[in-house]
Structure formats: structure tokens, C-alpha cells
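Here the structure comes first, spelled out in C-alpha cells, and everything after it is commentary.
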Amino acid sequence: MKRRYRIIEIGILILLLAAIRFFEEDIFYDPLIMFFKSDYLLGIIPPMDMAKLMINLSLRYALNSIISLAIIYFCFRDMGILKFSVILYGVLYVVATSVFIFLVLNIEHEHYLALFYVRRFLIHPLFLLILLPAFYYYRLRNYK
């Protein structure tokens with residue numbers, strides 16, 4: 001019975017992540033969405049309000065991170081794993097945001113792809129897809 005509730009909780013959290021992605025254009029300011037949907041390698045980066053972009057990027061990262069951390073907690077029910085994940089998410093935010101700001105301020109055509117991938121790590125819960133299998137493997141090794 002307890003396992004069924006855990007699966008339902010994780011399912012609801014995954015739906016929340018999907019909702020953030022589905023409504024991204026309505027909720028968050030991000031002029032780079034349309035830029036990267038077009039033939040961006042031939043275009044020029046659109047004008048943007050950097051402060052507004054960073055606030056929205058940080059908000060989206062925070063929402064995705066909180067939901068991702070909840071998924072990690074419900075999967076493993078281990079505070080040690082959760083604390084480690086919080087530290088990793090914090091370090092990733094600082095590093096990825098610094099690189100993102102540098103790339104936006106010093107943008108050239110050859111950096112568009114790097115900007116695309118750094119931005120993707122900030123706005124999508126990709127880190128969750130890396131951490132879940134890693135923690136699962138860690139758990140398997142510790143139980144043997």
C-alpha cells in the first residue's frame with residue numbers, strides 16, 4: 001500500500017514538471033525560446049532584458065529543482081541523498097548561471113550551441129535524469 005502512494009506522489013511531481021514545460025512560454029520571460037526554435041545558427045540573438053531573463057531563469061530553475069528534489073526524496077526516502085542533491089543543485093546553479101551570463105554577454109555565432117546547452121541545463125530538469133540512476137546504482141552497491 002505504501003509503495004502505491006509513493007508512485008502516485010512521484011507521478012504527480014512528474015506532471016508538475018511537465019506542466020512547467022508545457023506552459024513555459026506563458027509563465028516565464030525567455031526570448032531565447034523562439035530564437036532556438038528557429039534557425040538560430042544563421043540568426044542574431046534577440047534583444048533581451050537581462051535582469052528579467054535572469055530572474056525568470058532562476059525562478060524556473062528553483063521550481064524544477066524543488067520538484068526534482070521532492071522526486072529524489074520520494075524515490076529513496078534518504079535525507080543523506082537529499083542533502084547531497086541540494087548541494088549538487090546549488091553548485092550546478094552557480095556554475096551554469098555564471099557560464100550562461102558569460103555566454104550571453106560575450107555571444108558570438110560559434111557560442112550559440114554552448115548557450116543552448118547551458119540554458120537547457122538551467123530550464124529543464126536534466127540533472128534529475130542523471131541523479132536518479134546514479135543514486136539507484138549507489139543504493140544497489142551499498143545493499144550488496
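- The two residues Arg6 and Cys75 have their closest heavy-atom pair at NH1-O, 3.5 Å.
- Nearest approach of Leu13 to Ala70, heavy atoms of both residues: CD1-CB, 3.6 Å.
- Here the CG-OH distance, from Asn142 to Tyr137, works out to 10.5 Å after rounding to the nearest 0.5 Å.
- Looking only at side-chain heavy atoms (C-beta outward), Leu53 and Asp49 stay at 4.5 Å or farther from each other.
- A distance of 6.5 Å separates CG of Leu57 from OG1 of Thr97, quoted to the nearest 0.5 Å.
- In summary, Lys2 and Glu9 do not engage in a salt bridge, as defined by a charged side-chain N under 4.0 Å from a carboxylate O.
- No more than 12 heavy atoms of other residues, nucleotides or ligands lie within 6.0 Å of OH in Tyr138, so this atom counts as exposed by the packing criterion.
- The aromatic ring centroids of Phe127 and Tyr89 lie less than 6.0 Å from each other.
- Side chains of Ile20 and Phe28 form a contact here, defined as non-hydrogen atoms less than 4.5 Å apart.
- With contacts defined as side-chain heavy-atom distances shorter than 4.5 Å, the pair Leu128/Leu17 qualifies.
- Residues Phe74 and Arg77 meet the side-chain proximity criterion, which asks for heavy atoms closer than 4.5 Å.
- Other residues, nucleotides and ligands contribute only 12 or fewer heavy atoms inside 6.0 Å of the CZ atom of Phe84.
- Hydrophobic cluster membership differs between Leu15 and Leu69, with clusters built from Ile, Leu, Val, Met, Phe, Trp and Tyr side chains linked at under 4.5 angstrom.
- Checked by atom type and distance alone, the side chain of Arg60 never pairs as donor or acceptor with a backbone atom of Leu122 at under 3.5 Å.
- Scanning all heavy atoms of the two residues, the minimum distance from Lys52 to Tyr29 falls at CG-CD2, 3.7 Å.
- Atoms CD1 and CD1, on Ile12 and Ile8 in that order, are 7.0 Å from each other to the nearest 0.5 Å.
- Pairing each heavy atom of Leu131 with each of Ser85, the nearest pair is CD1-OG, 4.2 Å.
- Atom-to-atom distance recorded for Phe116:CZ and Arg119:CZ is 7.0 Å, nearest 0.5 angstrom.
- Side chains of Asp30 and Asn56 form no contact here, defined as non-hydrogen atoms less than 4.5 Å apart.
- For the atom pair CG of Leu16 and CD1 of Ile66, the computed distance is 11.5 Å after rounding to the nearest 0.5 Å.
- In this structure, Asn64 contributes its side chain and Ile123 its backbone to a donor-acceptor pair below 3.5 Å.
- The hydrophobic clustering, which links ILVMFWY residues whose side-chain heavy atoms are closer than 4.5 Å, places Tyr136 and Ile7 apart.
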Are Leu82 and Phe135 close enough, and set up right, to give a side-chain contact (heavy atoms from CB on, under 4.5 Å), and what steps lead you there? CA-CA 10 Å; Leu82 184 64; Phe135 289 142; over 6 Å; no
Full working for side-chain contact (heavy atoms from CB on, under 4.5 Å) between Ile101 and Met50: CA-CA 9 Å; Ile101 292 170; Met50 194 62 179; 4.2 Å; yes
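- Criterion: ILVMFWY side-chain heavy atoms under 4.5 Å apart, direct or through other members. Under it, Val99 and Ile55 are not part of a common hydrophobic cluster.
- Here the side chains of Ile72 and Asp78 are not in contact, with every heavy-atom distance at 4.5 Å or above.
- Side chains of Tyr61 and Leu92 form a contact here, defined as non-hydrogen atoms less than 4.5 Å apart.
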Is there a side-chain contact (heavy atoms from CB on, under 4.5 Å) between Tyr93 and Ser65? Walk through the geometry before answering. CA-CA 10 Å; Tyr93 176 75; Ser65 297; over 6 Å; no
Between Leu132 and Phe76, is the side-chain contact (heavy atoms from CB on, under 4.5 Å) condition met? List the steps. CA-CA 9 Å; Leu132 279 178; Phe76 300 105; 3.7 Å; yes
